[in-house]
Amino acid sequence: MTRTDLHDRILAQRQQRIALGRQRTRRTVTRRDGVRVEVNGRWLTEFSSNDYLGLAQQFEVTNALQDAAAREGAGAGASHLVSGHHASHEALERDIADWLGYPRALLFGSGFLANLAVQQALLEDGDVCVQDRLNHASLLDATRLAGAKLRRYPHLDPEGALRQLKLQPEGAAMLVTDGVFSMDGDTAPLRSLSLVARMQQALFFVDDAHGVGVRGPEGRGSVAEARMGVADVPLQLVTLGKALGGYGAVVVGEETLIQHLTETARPYIYTTAMPPALAAATRVAVKHARRDQWRREKLQSLVNRFRGGAQRAGLQLMASDSPIQPVLCGSDATALALSAALDSAGYLVPAIRPPTVPDGKARLRVTLSALHSLQDVDGLVTTLARSWDAVQRVHGAVA
């Protein structure tokens with residue numbers, strides 16, 4: 001027997017990533033002040049954070065974190081079902097369920113864990129999960145780990161979803177989509193997909209990580225913006241690490257579904273609960289997300305400002321009205337060069353390359369925050385246009 005040597009495999013895979021220009025590196029942020037970050041001794045204006053409403057450093061939120069940590073310590077001490085479920089966890093679940101108009105909520109350590117938990121607890125061998133082709137990796141991985149059949153339909157195509165469900169008439173079925181897509185910034189056709197799910201007796205699950213806090217009345221997200229609720233979308237994921245500025249996730253849904261997740265979802269049962277202090281801080285963030293409509297209004301004005309300036313400059317944007325504004329570059333080399341040029345000019349904007357996005361669709365992922373100013377946005381657009389011209393002289397037109 002001759003086994004594959006894992007070290008040889010790792011080396012070969014790394015050499016391939018280097019040859020393709022797809023190796024990954026980390027930046028270390030030493031200080032943060034709103035949308036300004038210090039990296040390697042230089043202050044950059046950040047257009048890469050998911051802190052859409054600017055709540056991560058909001059003083060009431062951080063004060064709540066410090067006060068709760070002084071009272072309750074740094075950690076929960078155990079899993080939720082042992083002795084780690086604190087009153088602040090319970091209160092946060094109630095607050096979010098009330099905000100979104102759902103009967104019940106369940107708190108998780110991360111969105112990845114929550115998406116895995118939903119599918120692992122509900123799907124079995126012989127079942128099918130039909131998903132948008134551009135869904136987040138956590139949703140796709142969850143189906144594979146749950147042991148169900150994964151079927152994908154063309155992006156934003158309800159008829160494609162219907163065809164896939166019709167081809168899998170046996171077993172239980174779920175229809176799953178992002179609300180707002182994390183790399184393209186566009187929004188799923190939720191009303192049409194809900195109808196497809198109802199017609200095919202499939203459970204409809206929406207991951208609205210990038211929609212809750214930003215879209216809909218009181219920031220209640222893509223589902224509420226589509227004038228839908230628990231009867232249309234029985235399960236919905238809410239991240240706490242995007243517009244709410246913290247960490248973790250909550251699944252909201254029908255009472256019976258949430259109770260089932262509580263009793264059977266392995267990523268919930270077998271992991272330590274979120275620090276209670278973080279839950280206490282997130283409760284304050286939820287209060288601001290519900291109340292501070294000015295944050296959403298300012299954010300939308302910044303989105304409009306960026307899109308208008310970028311289009312006048314001839315940059316290639318995608319059909320997004322969300323704070324996620326991809327600038328298409330085509331080749332990996334162009335995206336990397338443009339990101340480096342922006343870094344030199346004082347802007348932090350990451351290059352997104354395959355496999356995160358399809359081949360030939362490398363891009364800059366510009367994200368906007370209510371903390372940005374109009375001058376920040378105008379400066380970015382001006383620098384982007386100037387850098388684009390310089391990069392194109394070296395790397396050629398968009399692939």
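Source: prediction; values computed, not measured. Keep in mind that the numbers below use all heavy atoms, side chains included, and drop hydrogens, waters and symmetry copies.
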Contact check, side chains of [X] and [Y], non-hydrogen atoms, under 4.5 Å:
X      : Y      : result
Leu235 : Ile258 : yes
Leu190 : Thr177 : yes
Thr262 : Leu81  : yes
Val212 : Ile96  : no

Taking [X] for its side chain and [Y] for its backbone only, find out whether a donor-acceptor pair lies under 3.5 Å.
X      : Y      : result
Arg365 : Ser182 : yes
Lys242 : Ala209 : no
Ser339 : Val349 : yes
Asp127 : Gly171 : no
His89  : Met274 : yes
Asp98  : Arg94  : no
Arg353 : Gln23  : yes
Gln325 : Val366 : no
Thr264 : His260 : yes
His86  : Ser88  : no

Side-chain heavy atoms nearer than 4.5 Å, only ILVMFWY residues, links allowed to pass through others: does that put [X] and [Y] together?
X      : Y      : value
Leu364 : Tyr52  : yes
Phe47  : Val303 : yes
Leu113 : Tyr268 : no
Leu195 : Val233 : yes

Passing option when Arg104 is tested against Glu255, Glu254, Glu90, Glu93 for salt bridge (charged side-chain N to carboxylate O under 4.0 Å, His left out)
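Going through Glu255, Glu254, Glu90, Glu93 one by one, the salt bridge (charged side-chain N to carboxylate O under 4.0 Å, His left out) with Arg104 is satisfied by Glu255 alone.
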[X] side, atom [atom1]; [Y] side, atom [atom2] - distance, nearest 0.5 Å:
X      : Y      : atom1 : atom2 : result
His372 : Leu302 : NE2   : CG    : 8.0 Å
Phe306 : Leu315 : CZ    : CG    : 7.0 Å
Arg305 : Lys298 : CZ    : NZ    : 12.0 Å
Arg22  : Thr356 : CZ    : OG1   : 9.5 Å

Could you point out which residue of Arg152, Gln131, Arg151 forms a side chain to side chain donor-acceptor pair (under 3.5 Å) with Thr143?
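The side chain to side chain donor-acceptor pair (under 3.5 Å) with Thr143 is passed solely by Gln131 among Arg152, Gln131, Arg151.
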Pair [X] + [Y], salt bridge at N-O below 4.0 Å:
X      : Y      : value
Asp376 : Arg36  : yes
Arg283 : Asp95  : yes
Asp232 : Arg198 : yes
Asp321 : Arg215 : yes
Arg363 : Asp184 : yes
Asp157 : Arg163 : yes

side-chain hydrogen bond (donor to acceptor under 3.5 Å, both in side chains) assessment of Gln164 paired with Gln168:
CA-CA 7 Å; Gln164 290 287 12; Gln168 305 290 329; 5.5 Å; no
Please evaluate residues Asp51 and Ser369 with respect to the criterion side-chain hydrogen bond (donor to acceptor under 3.5 Å, both in side chains), reporting the C-alpha separation (whole Å), side-chain torsions for both, the decisive distance (0.1 Å), and the verdict.
CA-CA 6 Å; Asp51 183 23; Ser369 167; 5.0 Å; no
Starting from the C-alpha separation in whole Å, work towards a yes-or-no answer on side-chain hydrogen bond (donor to acceptor under 3.5 Å, both in side chains) for Gln300 and Asn304.
CA-CA 6 Å; Gln300 194 57 54; Asn304 296 340; 3.3 Å; yes
Using salt bridge (Lys or Arg N to Asp or Glu O under 4.0 Å) as the criterion, list what pairs up with Glu124, not counting sequence neighbours.
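Residues passing salt bridge (Lys or Arg N to Asp or Glu O under 4.0 Å) with Glu124: none at all.
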Set of salt bridge (Lys or Arg N to Asp or Glu O under 4.0 Å) partners for Arg32, sequence neighbours left out
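Arg32 satisfies salt bridge (Lys or Arg N to Asp or Glu O under 4.0 Å) with Glu46 once adjacent residues are dropped.
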May I ask you to check whether over 12 heavy atoms, not counting those of Lys361, lie within 6.0 Å of atom NZ?
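No, not enclosed.
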